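Because the structure is a prediction, the values reported are computed rather than measured. Every heavy atom of this structure was used, including side-chain atoms; hydrogens, water molecules and symmetry mates were not. Below, chain A is the first sequence line, B the second, and so on; all start at residue 1.
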2 protein chains.
Amino acid sequence: MTEPESAHGLSLLFDEDALAVFLADCWPEERFVFHGDPSRFGAYGAVFEEEDVEKIIREVGRPVDVIGTDGFRVTCNDPGEAMDYHDHHGAMIYLTGLHRYPAVRELCDQLSEDLRIPSRFVTCEGFAARKGTRVPLHFDHETNFMIQLRGRKRWEVAENDVLENPLFCYFPDKPDRFYRDGLDPYSGDLLNDRLPTDLETFEAGPGTVTFLPRGTWHGTVSLDDSFSIGFVLDPPTLLEIAMSHLSRELHSNPRWRAHPLYPVREDGGYDRVFRHEVRSILREISRTSGSGDADDAINDYRSSGPDDNTREYFVGS
Amino acid sequence: MTEPESAHGLSLLFDEDALAVFLADCWPEERFVFHGDPSRFGAYGAVFEEEDVEKIIREVGRPVDVIGTDGFRVTCNDPGEAMDYHDHHGAMIYLTGLHRYPAVRELCDQLSEDLRIPSRFVTCEGFAARKGTRVPLHFDHETNFMIQLRGRKRWEVAENDVLENPLFCYFPDKPDRFYRDGLDPYSGDLLNDRLPTDLETFEAGPGTVTFLPRGTWHGTVSLDDSFSIGFVLDPPTLLEIAMSHLSRELHSNPRWRAHPLYPVREDGGYDRVFRHEVRSILREISRTSGSGDADDAINDYRSSGPDDNTREYFVGS
């Protein structure tokens, strides 16, 4: 057994013994809680030292989501409106894009190296909540390191044995459209019939790091005014890695970049052309995938450059 | 030749003769300009009758992009800031999400029926510009019906013979990351060496409808204070239609939903496991695609329900 060449990022989250346990027994599938001295966070903890949540929202310059107890969720463009929910209505402010702070981006990049995840899939989010705010039990689709910076929070957590490798978060009180009527999108089973009964509870204080494997059930109550940040690992799925690689090759052919817009006047012509083209692209995918090279696909995934095959358009970047 | 069963939406855009020409000779690949009486727009024109752009921005409730002459582009969360660029700095306001107005959504749905494009891929955008505002020559990746509601605009347009079926918009003055250094992402050719020289110019006034096939070069100058809206047809590519269908099937297996997070301590273990899994999913895609059914893929595309395989997450919807 050898340590990863660098574990700079993880060494900031855990002490030496905890890091050894984490890497040997937990990563990537078992949850892990470590209580340490918050001073170890140094530069990136200092970014959020001031108590001024509104200032952070304005600096990051993105709309924020506000999450209330009974499934309430709203996006606020106006920082003042978000603060009103936070201060007076028991709602948590959920900030994304904290990796825009250089010190935070640096830690993201270190975790990216430590855990071999391309850095564009490692981001940082923040959670601000007044004392008494409750976020109900739910699971997310990403892997998280949650870091308590200010105040205490009571957690309840449980392993997810209802849905392996979820693609979307799930709130039992308010299933979104991917879990219509609270159903497992694959099996059709009612997810709420199988909520975890054996919850582990613990208290996080300033300096506590909680590693939450993908899909872990969790809920929190803030015991004080609380501010925490989460380092989020959200790489694509194995299928998406393969598909993205195949897309790069197949989208280089203008025929497969075509939109299905065909003449609509002649009876049947539309359907005939469309069906023929879809049949052709299915055959072409089969051929290309059958001769596809795993290392090329992995190189595409690792390449930190922009992905010409995605639809993302980052204005101004 | 038979007319489509319904051409409600197109009948609002064109008169009877123009509609026959459009369907016979233009759709989906040739541009077409029709000058008609703006009163025919009825209910959806009335939505934007007031001159108050800021009110529209606030009603739609989304951040807007502001686009200036020399490639300047910025996203404004604050409607007042956007109006300042619009009123005092010669920039155009680009509003998305106008299909949130019921009368506009209705026309989107009618165009969706007329042209056989699932309605979730038919949306409406708005363009507000003071007299003298210039938007430089560029091309987009969608198919558009541009409708001039207020003021006059001079257009210059040309067929795109440099890049068939583009996936992203291209501004020669400011290529974005998909056209790094102004290169064709597929051939590596310099796109700006082949800008169109044979531009057609025309003037649009209230009531003019301009059909712009995907990728058409276009630029505009506002001759008056101008407000126009665009009905945008942006379905997925043939490749994406096939991939989305395959994803629905393959993502039902938790193995292919896995993220590539593997132990990082043992030398070589990470690479070995990752390569094995990618090789396996490539083979599985080849098998599934080889036996894939075109009609099933087309049904997935047409289904108006939410797509369980996308990563979109519409908060609050």
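Residue A/Ala258 touches chain B through both its backbone and its side chain, counting heavy-atom pairs closer than 4.5 Å. With a threshold of 4.5 angstrom between heavy atoms, B/Pro254 approaches chain A through its backbone and through its side chain. Looking at A/Ile241, only its side chain comes within 4.5 Å of chain B, counting heavy atoms on both sides. Interface remark: A/Ser187 contributes no atoms to any contact with chain B (heavy atom separation under 4.5 Å). Residue B/Asn253: no heavy atom, backbone or side chain, is found under 4.5 Å from chain A. Using a 4.5 Å cut-off between heavy atoms, A/Asp78 makes no contact with chain B at all. Contact of A/Ile117 with chain B is made through the side chain alone, with heavy-atom distances under 4.5 Å. Neither the backbone nor the side chain of B/Ser280 has a heavy atom closer than 4.5 Å to any heavy atom of chain A.
Each of B/Arg279, B/His276, B/Arg275 has some count of heavy-atom pairs under 4.5 Å with chain A, and the biggest count is that of B/Arg275. Note on B/Leu261, B/Leu163, B/Ile281, B/Leu246: by heavy-atom pairs under 4.5 Å with chain A, the leading option is B/Leu261. Looking only at heavy-atom pairs under 4.5 Å with chain B, the residue among A/Ser286, A/Ala242, A/Pro63, A/Pro166 that has the most is A/Ser286. Taking chain A as the reference chain and counting heavy-atom pairs below 4.5 Å, the highest number among B/Gly290, B/Ala297, B/Pro260, B/Gly292 is found for B/Pro260.
The aromatic ring centres of A/Phe171 and A/Phe72 sit 6.0 Å or more apart. Taking the centre of each ring, A/Phe178 and A/Tyr170 stay at or above the 6.0 Å mark. Aromatic pair A/Phe145/A/Phe22: ring centres closer than 6.0 Å.
Comment: B/Arg255 does not engage A/Glu164 in a salt bridge, judged by the lack of any side-chain N to carboxylate O separation of less than 4.0 angstrom.
The aromatic rings of B/His259 and A/His141 sit perpendicular, their planes meeting at an angle over 60°, well past the 30° parallel limit. Taking the six-membered ring where tryptophan is involved, the planes of A/Tyr262 and A/Phe274 are tilted, since the angle between them lies from 30° to 60°. Aromatic ring pairs are classed by plane angle as parallel below 30°, tilted from 30° to 60° and perpendicular above 60°; the pair B/Tyr179 and B/Phe139 is perpendicular.
Side-chain N or O atoms of B/Tyr94 include none that pairs as donor or acceptor with a backbone N or O of B/Ile67 at under 3.5 Å.
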